[in-house]
Amino acid sequence: MSNSNNWLVSSHHKAYAKINWDLLILGRRFDGYHELDSLVSQISIFDEVIVTISNGSNIEIVSEVAPGEENLCYKAAKIFFKKIGCDFKVKVEITKNIPYGAGLGGGSSDAASTIIALDNLLKTNLKKQDLFDIAMQVGSDVPSLLFTGWRRIKGRGEQVEQINGPTLKLVLLKPDCNLNTAEVYKKFDDQPYKKQSLPKIIERFKTPRNDLQKVAEKLTPEIRILLDQLSKHGAKKVSMTGSGSCVFGVFENDKEVNKAILKIDASYKKIVSTCP
Ligand code: C5P
């Protein structure tokens, strides 16, 4: 697209949240990151992201959360323009529905939507691998959020494979406090590392295991209370997503979901969702 005339185009996206059904840490890497294996699914809550571009060179973020350079959408646009070797004026307007600092990938999903929007609006026709590389430079969660449905993530987050997975009824509970991903991984590294086996996928769907959960519970003891609340009120399976602090429970049907919502302490933030 030419950068010489006056024009303005925009695109509207639903940036879906994700849950890490499980999160297995297979080791520490030389770059300080961790080697992961995680089954991830899109869930039904989303942020709304409107990306508008025109000629010029400025990145503007309109959001009640992180409205400046710290926003991952800002980073995504900057890296995108560097990749195509050309600047534009871009405004990213975000309406937040996904709680942040929760392990639900809200900021990363907004950034993934920004990358897709810029590629579409500018008709840059970047290869899938280029979009992936841009996403990876923005953050480890971003490449997988270029996809929908169930996927298996490996490595630092750059290996993404779409997989078949179940449709589930979920209740999410979010503690008052947010958790910082880097801090949770750091605490994980402070404890002795015990190499654990990698169960078969079928076993992983039966019993989710999140290797960051114990340290997250130490940082935020409310996580344990919320997991117990979900189990006590009918969840068949419970776990924590990502590095926390949000937890989720799987319920058999809508009736069980509604029963749980009524019984779980009213002071907790509850989100009813489905996956994928
Ligand atoms: O890549 P991103 O900036 O989103 O990662 C945030 C933090 O999460 C990193 O600084 C790192 O501490 C931790 N992390 C990790 N291993 C991964 C992904 C994230 O240690 N595979």
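Small disclaimer: the values here were computed from a predicted structure and weren't measured. Reckoned from all heavy atoms, side chains included, excluding hydrogens, waters and symmetry mates. Indexing begins at 1, ligand by ligand and atom by atom, following the structure's order.
Nearest to atom 10 (O) of ligand 1 among the protein's heavy atoms is Ala182 CB, 4.0 Å. Taking atom 9 (C) of ligand 1 as the reference point, the nearest protein heavy-atom neighbour is Tyr33 CE2, 3.7 Å. Shortest contact from atom 13 (C) of ligand 1 to any protein heavy atom: Tyr185 CD1, 3.2 Å.
At least one donor-acceptor pair closer than 3.5 Å links the side chain of Thr241 to the backbone N or O of Asn20. When atom types are taken as modelled, the side chain of Ser109 and the backbone of Gly106 share no donor-acceptor pair closer than 3.5 angstrom.
Listed by number with element, the atoms of ligand 1 under 4.0 Å from a non-hydrogen atom of Leu36 are 21 (N). Counting atoms of ligand 1 from 1 in the listed order, those under 4.0 Å from a heavy atom of Gly139 are 1 (O), 4 (O). When each atom of ligand 1 is checked for a heavy atom of His34 under 4.0 Å away, the hits are 15 (C), 16 (N), 17 (C), 20 (O), 21 (N).
Comparing heavy-atom distances from atom 1 (O) of ligand 1 across Ser140, Gly242, Gly157 singles out Ser140 as nearest. Heavy-atom proximity to atom 7 (C) of ligand 1, evaluated over Ile153, Val138, Thr181, Ile25, is greatest for Thr181.
When each of Arg156, Arg209, Arg204 is paired with Asp37, the salt bridge (charged side-chain N to carboxylate O under 4.0 Å, His left out) condition holds for Arg204 and for no other.
Open room surrounds CD1 on Ile202; 12 or fewer heavy atoms of other groups in view lie less than 6.0 Å from it.
Salt-bridge check for Glu183 with Lys186: failed, with every basic side-chain N at 4.0 Å or more from each acidic carboxylate O.
Checked by atom type, the side-chain pair Gln129/Asp133 shows a donor-acceptor distance below 3.5 Å.
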